[in-house]
Amino acid sequence: MKRIIAPKGTKDIFLPEIEKWQYIEEKIRGYFPRFLYKEIRTPIFEYSELFQRGIGTETEVVQKEMYTFKDKANRDLTLRPENTASVVRAAIENDLFNRVYPLRFFYIGPMFRYDKPQKGRFRQFHQFGVEVFGDESAQVDAEVIYSSYDFLKEINIKDIQLHLNSVGCENCRPKFLRDLEAEAEKKKNDLCIDCQRKIHTNPLRIFDCKNLKCIEISNDFPKIIDYLCEECGSHFEDVKSTLSIFKVKFDINSRLVRGLDYYTKTAFEISSNQLGAQDALLGGGRYNNLVKELGGADISGMGFAAGIERIILQLDDAKSKKGKMIFIAYQSLPLMNKAIQLAKSLWDKGYRAYVDYNSKNLKKQLKKANKIGIDYTFILGEDEIVTKSISIKNMKDYEQITIKQEELDKWLKNNI
RNA sequence: GUGAGUGUAGCUCAAUGGUAGAGUGUCGGUCUGUGGAACCGAAUGUUGGGGGUUCAAAUCCCCUCACUCACCCCA
């Protein structure tokens, strides 16, 4: 019979790695509420139109990478490729803009993109991120950037760089785009085929190209920084100066362009040089028109999304601070029932205990306990039953003591 | 979507075109009230799948599938 395996680009997460997942999820839930973010959970699929309108029909994500399907009532649905559009939709639909203050949300969950898998890239992957609505200040941009940067340091991620840029707004970007397009058109024949195509569809993304020739040519192209209108320019200056208050180091990268269409003004990315080709740990920026675009009021947005798989690639082994484990061993089969009773009483009190029902002798059980990594083994033998006691063996240092059964609670309290 | 590399035991990997192996893990024993060692023994494979060349294919050729990395794109 043919073996069924997990679909391409998906994976099962279990033993040692799952501890890192639990660790990072705990940290996220512990960290972001500091800034008064509240968790939000949105559906894993949405109407396809949400992403088409939200992310932009010209984007690579929408054109090539979405898991789109029809349900039985012929609804056009898509597995979410990112979470910002959903959060905005949820906020509009539930009128959260008038009900929740401050308008700050964080999320954790799976996203789906039909990409070819490679290091740090999966078809089902996980992101966490934050969204702030209705705050147009440059200071909040800096705070969001700071929190993302500081969070990575909090969980001990090393060798990270913060790249910063401004992509302008509807007032200054068009002029820039026109000049850029004109300039690119002049050099058209020297650009790669992909970039030639982008000239008229999305010229900003020429800056994304990794082709050395294209990089060289586009270095002489107009830079958005030089085109920023007064408002965008001073906003950008304020972001930078506030970042210095937060003592965050950054570099200005005029080539930085976010892949989704909704970004305005501030754009940023944190990358790591310990990763492979997919080196962006997180990215985000300001999106002042998305809420309106999706049918809401004229409310601004600012946020970021981080790739959990990529962070985990860089995470040191999480030290699990779980409770200690107890193995209950019986000397001979007739005593197994006593072991079960003892185990039940431990479980009832919330301790982690294990009985092996399949071992005939004590030796086997100790061997198994050792393999599991047990901390203490309780031994029940004829002697212990007669004297109403329990022998407790410390599996780490070989020490063994015998205590009276009525002393057990006290021992547990002191040692587990 | 494009390209390159790799598929052999649960895991890590050997095997000039000539009997499919080792280490490790698993199970049992030496050892019936005491685990990390040692020694002895056992089980496990359609060599990813299909086709072809050959007296003979894990090995060469073709197709296909999967995984990995890179391009692309992005978190």
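In what follows, chains carry the letters A, B, and so on, assigned in the order in which the sequence lines appear, proteins first and then strands, with residues in each chain numbered from 1.
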Checking base pairs now: Watson-Crick or wobble, both atom distances under 3.5 Å. What partners G41(B)? C27(B)
Identity of whatever pairs with U47(B) - Watson-Crick or G-U, under 3.5 angstrom: none
Is there a donor N/O on one and an acceptor N/O on the other, under 3.5 Å, for the side chain of Tyr398(A) and the base of G36(B)? yes
Selection from C71(B), A75(B), C73(B) that lies nearest to any side-chain heavy atom of Glu65(A): C73(B)
Please test Ser272(A) against Arg310(A) for side chain to side chain donor-acceptor pair (under 3.5 Å), starting from the C-alpha separation and ending with a verdict. CA-CA 9 Å; Ser272(A) 159; Arg310(A) 291 183 188 176; over 6 Å; no
Taking G33(B), C67(B), A75(B) as options, the one with an atom nearest any side-chain atom of Phe125(A) is A75(B)
Winner on side-chain proximity to Lys371(A), out of G33(B), C27(B), A75(B), is C27(B)
In Watson-Crick or G-U wobble terms, both distances under 3.5 Å, what is the partner of C55(B)? G18(B)
Could you please name the option among U26(B), G35(B), A75(B) that lies closest to any side-chain atom of Met395(A)? G35(B)
U44(B) versus G51(B) - spacing of their C1' atoms, nearest Å: 29 Å
Could you please name the option among A75(B), G28(B), G33(B) that lies closest to any side-chain atom of Arg310(A)? A75(B)
Please check the phosphate of C67(B) (OP1 and OP2 only) for any side-chain N or O of Lys8(A) closer than 4.0 Å. yes
Contact nearer the 5' end of RNA chain B, comparing Gln127(A) with Lys368(A): Lys368(A)
Scan Ile160(A), Ile308(A), Ile270(A) and name whichever one has a side chain to side chain contact (heavy atoms under 4.5 Å, CB included) with Leu282(A). Ile270(A)
Provide the distance between the two P atoms, one in A4(B) and one in C74(B), to the nearest whole Å. 25 Å
Is it the case that the base of U34(B) and the side chain of Gln400(A) share a donor-acceptor contact (distance under 3.5 Å, atom types as modelled)? yes
Applying a 3.5 Å limit to both distances, which nucleotide forms a Watson-Crick or G-U wobble pair with A4(B)? U68(B)
Options C27(B), U34(B), C73(B), nucleotide nearest the side-chain atoms of Asp115(A): C73(B)
Applying salt bridge (charged side-chain N to carboxylate O under 4.0 Å, His left out) to Glu65(A) and not counting sequence neighbours gives none
Do any of residues 116-124 of chain A sit with a heavy atom less than 4.0 Å from RNA chain B, and if so which? Lys116(A), Gln118(A), Lys119(A), Gly120(A), Arg121(A), Phe122(A)
Closest nucleotide of RNA chain B for Asn394(A) versus for Gly276(A): which of these residues is on the 5' side? Asn394(A)
Side-chain N or O of Lys367(A) closer than 4.0 Å to phosphate OP1/OP2 of G29(B): no
Between G29(B) and G45(B) - P atom distance, rounded Å: 23 Å
Heavy atoms from C-beta onward define the side chain here; which of G33(B), A66(B), C72(B) lies closest to that of Gln278(A)? C72(B)
Sugar-phosphate, base or nothing in reach of Ala305(A), heavy atoms under 4.0 Å: sugar-phosphate
Pairwise P distance, U59(B) and G48(B) [rounded to whole Å]: 8 Å
Nearest of C71(B), G36(B), U34(B) to any side-chain atom of Leu362(A)? U34(B)
Less than 4.0 angstrom between a side-chain N/O of Lys363(A) and OP1 or OP2 of G35(B), yes or no? yes
From the options A75(B), U34(B), C73(B), select the nucleotide whose nearest atom is closest to the side chain of Ile379(A). U34(B)
With no angle test and no hydrogens, is the base of G33(B) tied to the side chain of Glu384(A) by a donor-acceptor pair under 3.5 Å? yes
Side-chain ion pair, Glu309(A) and Lys11(A), N-O less than 4.0 Å: no
Taking A20(B) as the reference, what is the distance to U8(B) when you measure between their C1' atoms (whole Å, please)? 8 Å
Under 6.0 Å between ring centres, would you say that holds for Tyr31(A) and Phe128(A)? no
Are Lys349(A) and Asp409(A) within salt-bridge range, i.e. N to O under 4.0 Å? yes
Taking A22(B) as the reference, what is the distance to C55(B) when you measure between their C1' atoms (whole Å, please)? 30 Å
Any cation-pi pair here, Arg173(A) with Tyr227(A), using under 6.0 Å and within 45°? no
